[in-house]
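Below you'll find the structure, written out as structure tokens, and then a few comments.
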Amino acid sequence: MSPPERSPSWTPSVDPTSLAHSEFLPDLGLSREEMESLQRELAAEATFADEIGFTPDDVAIDEAADLSTGLPSPSPEPTGDLDADAPVVVGIDQAFRPEHDEAVSAAVAIRNGRVIEYADAVTPLSIPYVPGLLAFREGEPMLAALEDLAATPDLLVCDGSGRIHFRQAGIATHVGVIRDLPSVGVAKSLLCGEPDEPVAERPEGWSTPVRADDSVERVGTTTGTGAATDSPRTDPPVIGHAYQSRQYPNSRRVNPLYVSPGHRVSSETTVELVAALCAGYKLPEPTRLADAHADRVKRRLDGGE
DNA sequence: GCGACAG
DNA sequence: ATCTTGTCGC
């Protein structure tokens, strides 16, 4: 794993890429407190503002992949004209093999709405799932899948939260900062924070800001000047959005997604990116395809031997 | 002591 | 996340 190119100043006390070889929380060489301070370093290193060389339109996907007949075949070679320099979006997801204590990570690279490459990796799991520390369980597997990928990502779409996190350093932030790539987090449920409005029964396309609550540590530069003229109590910072990516005409029961910046993307742009990447299903296409590929690899392993 | 929590 | 069949509704 290479260090962040754009962040030569960042020198974590412990190499986050070696965590997979550690054991359970108490004795993995990292106490829970150390993991949390590492996340504070990551949050400080992260950029929650747009630093991307493309627009949501550039990555828009208008046709959903048909997964009923298997996954679409990858076409690595540029189809022609406008293909060459189109942004590459990489969706990452995982499947698990509880009986083997292994994670199957999948990365799917998409360009112009078409799959150009599938990548995957099987990684032993070292620690259990702990709310707020998901990245220490699944981060290494995700990075392994990215290592297996030949394509160069322009955007990472991660399964889980980014800035919507107790220390504003969810797994999308971990991966984005470590690889210094724009990344967004897409979660199916809310870890922390408070939506501005109730999220139930919202129409497709609806979104509302999610602001930090008392469980979220404040980090980064202060918005105000600190002068006496500043408002005594400013609104809590927006750390992500609830986004209704899908809704049925009548029986409205689909829950919204909770999207948040991982790195080098603003919360507003994150919503626009996810909206552009959705094509009729609740999950954005990169995530859908990564999920399907992870399941495919898992089945091969379970059947293979 | 209870709550509350991505995958 | 995973263990798992059918079933209600567009």
Side-chain angles (χ1 to χ4, degrees), chain A residues 19-20 25 32 35-36 39 42-43 91-107 122-145 156-176 183-195 199 201 203-204 210 212-217 239-243 246-263 267 270 274 280-284 287-288 290-299 301-302:
Chain A
L19 293 177
L25 272 55
R32 179 182 186 120
M35 285 190 249
E36 293 179 350
Q39 292 185 319
L42 277 160
I92 314 173
D93 192 27
Q94 318 195 60
F96 296 87
R97 306 213 304 159
E99 65 282 5
H100 292 268
D101 262 314
E102 288 178 340
V104 179
S105 302
V122 180
T123 311
L125 292 170
S126 50
I127 68 173
Y129 166 69
V130 177
L133 299 179
L134 175 67
F136 293 98
R137 171 177 168 84
E138 300 184 7
E140 186 66 20
M142 288 176 70
L143 292 170
L156 265 29
V157 180
C158 303
D159 206 46
S161 288
R163 194 183 182 182
I164 295 182
H165 180 273
F166 305 125
R167 290 161 294 282
Q168 302 193 37
I171 193 164
T173 304
H174 277 249
V175 176
S183 68
V184 298
V186 178
K188 292 178 284 298
S189 60
L190 189 60
L191 175 62
C192 58
E194 186 68 23
V199 304
E201 300 184 6
E204 219 169 273
V210 171
D213 59 17
D214 289 340
S215 74
V216 177
E217 296 181 15
I239 57 177
H241 281 77
Y243 172 65
R246 174 116 199 244
Q247 197 55 278
Y248 299 123
N250 281 331
S251 71
R252 46 192 64 181
R253 18 154 67 186
V254 179
N255 297 128
L257 295 174
Y258 296 94
V259 306
S260 58
H263 182 45
S267 194
T270 296
V274 172
Y281 290 87
K282 173 169 179 172
L283 295 177
T287 303
R288 268 187 81 222
D291 181 73
H293 183 234
D295 281 340
R296 177 169 65 179
V297 174
K298 177 185 176 178
R299 283 187 215 138
L301 293 172
D302 288 336

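Letters A, B, ... mirror the listed sequences (proteins, then strands); counts begin at 1. Computed over heavy atoms, backbone and side chain alike; hydrogens, waters and symmetry mates excluded.
Side chain of A/Arg137, nearest nucleotide from B/dG7, C/dT2, B/dA6: B/dG7. For A/Pro131, taking side-chain heavy atoms from C-beta onward, the closest of the listed nucleotides B/dG7, C/dT2, B/dA6 is B/dA6. In this structure, of B/dG7, C/dT2, B/dC5, it is C/dT2 that holds the atom nearest to the side chain of A/Lys298. Of the candidates C/dA1, B/dA6, C/dT2, the closest approach to any side-chain atom of A/Ile171 belongs to B/dA6.
The main-chain N or O of A/Leu283 is never found under 3.5 Å from a side-chain atom of A/Arg246 such that the two would form a donor-acceptor pair. Formation of a donor-acceptor pair under 3.5 Å by the A/Ser183 side chain with backbone atoms of A/Ala172 is found in this model. Side-chain atoms of A/Ser105 come within 3.5 Å of backbone atoms of A/Pro141 as a donor-acceptor pair (strictly under, hydrogens ignored). A/His165 contributes a side-chain N or O that, together with a main-chain N or O of A/Gly132, makes up a donor-acceptor pair within less than 3.5 Å.
In terms of position along DNA chain C, the nucleotide closest to A/Glu138 lies nearer the 5' end than the nucleotide closest to the other residue of the pair A/Tyr248 and A/Glu138.
In this model, the phosphate group of B/dG7 is approached by a side-chain N or O of A/Ser189 to a distance below 4.0 Å at OP1 or OP2. Between A/Lys188 and B/dG7 there is a side-chain polar atom (N or O) within less than 4.0 angstrom of OP1 or OP2. At B/dA6, one or more side-chain N or O atoms of A/Tyr129 fall inside 4.0 Å of OP1 or OP2 (strictly under the cut-off).
A/Arg246 has its CZ atom 13 Å from the P atom of C/dC10, to the nearest Å. A/Asp93 places its CG atom 13 Å from the C1' atom of C/dT2, with the value rounded to the nearest Å. Regarding A/Asp101, its CG atom lies at a distance of 20 Å from the P atom of B/dG7, rounded to whole Å. Spacing between atom CZ of A/Phe136 and atom P of B/dG7 amounts to 18 Å, rounded to whole angstrom units. We find that CG of A/Asp214 is positioned 19 Å from P of B/dG3, with the value rounded to whole Å. Going from atom CD1 of A/Ile92 over to atom C1' of B/dG7 covers 14 Å, rounded to whole Å.
At a threshold of 4.0 Å, the pair A/Lys188-A/Asp159 counts as salt-bridged, since one of the basic side-chain nitrogens sits closer than that to a carboxylate oxygen.
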Give the dot-bracket string for DNA chain C, reading 5' to 3', where a pair is Watson-Crick or G-U wobble with both distances under 3.5 Å, ( ) marks pairs inside the strand, [ ] marks pairs crossing earlier ones, | marks a partner on another strand, and . marks unpaired. ..........
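Shortest non-hydrogen contact noted between A/Lys282 and A/Val254 is CD-CG1, 4.0 Å.
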